[in-house]
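Note sheet for the following structure.
All figures in this text were calculated on a predicted structure; none of them were measured in a lab. Letters A, B, ... are given to chains in the order of the sequence lines, protein chains preceding strands, and every chain is numbered from 1.
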Amino acid sequence: MNPNTRPVVYRPLAQRITTMLWGVAIVGFGVGVIAHLQGYSFDVELLGIVVLAVLGTWILASAVAAIIRGR
Amino acid sequence: MTTKDESPRREAAFFTSIRSWGIARGEHGVFGGVIEGVGDRIGLDRVPARIIAVVLLFLTGGFFLTVYATAWALFPDRSGRIIIQDFGRGTPNVGALIVIAIFAMIGMGSFPWTWAGKGDWGSFPFGFLMALIPLVFLAGVIALVVIIISRSNGKSGTPGAPAVPPAPGAYAVPPQRNAPAATPAASASTAKPAKAVKDENGASVAGTAPSAGEGDDSPSGPHAAPPSANPPPMTPRPRTPGPGSAIYLLTLSMAVFAAAAIWWLERENRLSASPIVAWLAVAVVIIGGAIILVGAVGRRIGFLGFLATTFIIGWVIGLTVVPRALDFAAEGVIITIDGTRHTIGNGHGWFDESADGIVCGPYSDPGSELSDAARYVLEPGQTSVTLSSDAAILVVPEDASLVFRSDGLTTGSLSWGSRNTSCQLTRAEGTLFSSYRTGDAVTVTVTDPRVTIAIEEN
């Protein structure tokens, strides 16, 4: 079957947001690299704390979304 | 109807062999479920398996991490998906790949034959080559996967190749990717396993030789089984389109524009890093932006995910494993003397440590030479400053571009602590040297023939 004849299904909202968040994370990584090349130095510990906090928020938001969807 | 799209995806014997081990990563794992999967395989519960794993981690350190990362990448999960295989097929699990890469880098970095355990590359007879071993190993693994998958794809496209059904339990199409209508049919026809396999995988039903009675599609037959004898037409498997040519071209155009802009900055001596390195950094931002766009329109990341993973892994290696390859951007001074660009002073031996009239090395504290130094602080918008004393501390913005001039022969020393650089100067009148960053140029005029200058960044 030609792939072009198969029905097209776009991502639901939750997956779109997840994909966009990945994109934001990648952009943030790239901006950090550029800043590093410009000579800025990072507090790696603080960066790790921020990353963990963001990751926790992300997972928490996913949990809340799962609860809402389950109702 | 037999079509290419409905046939199962072939895979290399390498992956089939791994599946035959019967290890499937668990669904309750903290990092990929490797321990749970191995525990299930050997009959060990999750909790004791994890305790053993933690003990092994403490005992073997980097070796365990490397093995774990390898197992995570190679073992299938409960739905049959292998991360490294999906990576090769252009449908990567970006998050898992990043964590696997981090585990692998940490693990391999602690191996005794790498530089990390010895402190300095110079302590090895072939220190630099030794440092490259993990990179060569990673490159080899990636090359192996690409070769295996490309060969597998080549086999599946061979005309006349026998359509061998996959071995029981072998991964053909991940269950969640199957057509919804096909799965119930497959599960309902347990009495006809051969037919079920064909239906599930979408292969030709006409090619099946049903036994007497089974293939009878007469409506008068008392035991006629229309679903198996004349199965309903397959519901086309819906697909989520990839980024599409528009987004790919948009991404490519941004990359080309970025190359032009960076080239221009390099031409204007306003770039503090190698232009290729700068472009590779900007490319990450461009790819990330494209992924945001792909997500917004509800498409699959597709090849952009592969690109993003590759770039991020490359940068993680560049920034952590061989950070000195990039040090020149954060330390040292890129200067221009008589129109020639030099990167001097970071003391690592990668770049020039001397230029015409300037010899630089690692930072050394000028100490008492600056005890009576005059302090000059550049204000925003200031375009020139004159250092009239023989000892001066010049405080400049971090991004300042500096053009040093003198009216006569100048000798002395220059210390730039934040760049880990100290230099000795012997220059004739005119422009001593220039250091370009992203900020506006400031002309620094030196009047004393023998000076001691310390530069501080605020």
Side-chain angles (χ1 to χ4, degrees), chain A residues 1-70, chain B residues 1 3-6 94-95 98 179 202 234-241 271-274 277-278 280-301 304-305 307-309 311-312 315-316 318-319 323 326 328-331 398-399 418-419 437-438 457:
Chain A
M1 179 175 292
N2 189 327
N4 295 326
T5 64
R6 287 159 52 190
V8 171
V9 175
Y10 290 96
R11 300 276 196 218
L13 180 63
Q15 288 185 18
R16 293 183 188 211
I17 292 174
T18 301
T19 304
M20 291 168 70
L21 284 175
W22 274 120
V24 170
I26 292 168
V27 169
F29 180 86
V31 170
V33 170
I34 292 173
H36 177 75
L37 294 179
Q38 290 289 333
Y40 291 96
S41 57
F42 294 96
D43 184 337
V44 178
E45 283 188 1
L46 181 62
L47 197 64
I49 292 168
V50 170
V51 168
L52 282 179
V54 170
L55 192 63
T57 307
W58 188 343
I59 295 171
L60 182 64
S62 300
V64 171
I67 291 170
I68 293 173
R69 274 202 302 269
Chain B
M1 182 175 66
T3 64
K4 185 177 179 181
D5 293 299
E6 291 169 357
V94 180
I98 290 173
M234 293 278 294
T235 303
R237 181 159 51 97
R239 68 185 180 94
T240 301
L271 206 59
S272 61
S274 156
V277 171
L280 290 173
V282 174
V284 176
V285 177
I286 293 172
I287 293 169
I291 288 176
I292 293 176
L293 186 59
V294 167
V297 297
R299 289 170 172 260
R300 275 187 301 113
I301 298 178
L304 288 175
L307 276 181
T309 306
F311 272 78
I312 288 174
W315 271 112
V316 168
L319 293 171
L326 302 170
F328 70 95
E331 295 182 357
E398 195 174 22
D399 63 347
S418 58
R419 309 281 184 87
R437 304 282 279 186
T438 56
E457 294 178 350

* Asked: If you tally heavy-atom pairs under 4.5 Å against chain A, which of B/Ala283, B/Gly298, B/Gly95 wins?
  -> B/Gly298
* Structure fact -> Closest heavy-atom pair, A/Val8 versus B/Pro241, reported as atoms and distance to 0.1 Å, is CG1-CD, 3.4 Å
* Output all residues satisfying side chain to side chain contact (heavy atoms under 4.5 Å, CB included) with B/Leu293, sequence neighbours left out; order by chain, then residue number. => B/Ile247, B/Leu250
* To do: Pick one of side chain, backbone, both or neither for B/Val297, based on which atoms fall under 4.5 Å of a heavy atom in chain A.
  => backbone
* Residue pairs, two or more places apart or on separate chains, that pass side chain to side chain donor-acceptor pair (under 3.5 Å) and touch residues 56-70 of chain A -> none
* Asked: Nearest heavy-atom pair of A/Val9 and B/Pro238: which atoms, and what distance?
  -> CG2-CB, 3.4 Å
* To do: Please confirm whether the backbone N or O of B/Gly295 pairs with a side-chain atom of A/Arg16, one donor and one acceptor, at under 3.5 Å?
  => no
* To do: Taking the side chain as every heavy atom from C-beta outward, state whether B/Ile98 and A/Phe29 have any pair of such atoms under 4.5 Å apart.
  => no
* Can you measure from CZ (B/Arg299) to CD (A/Gln15) and round to the nearest 0.5 angstrom? => 15.0 Å
* Structure fact -> Those residues of residues 18-28 of chain A that come under 4.5 Å of chain B on a heavy-atom basis, listed by number, are A/Thr19, A/Met20, A/Trp22, A/Gly23, A/Val24, A/Ile26, A/Val27
* To do: Applying side chain to side chain contact (heavy atoms under 4.5 Å, CB included), name anything that partners B/Arg300, two or more places apart in sequence or on another chain.
  => A/Arg11, B/Thr91, B/Thr240
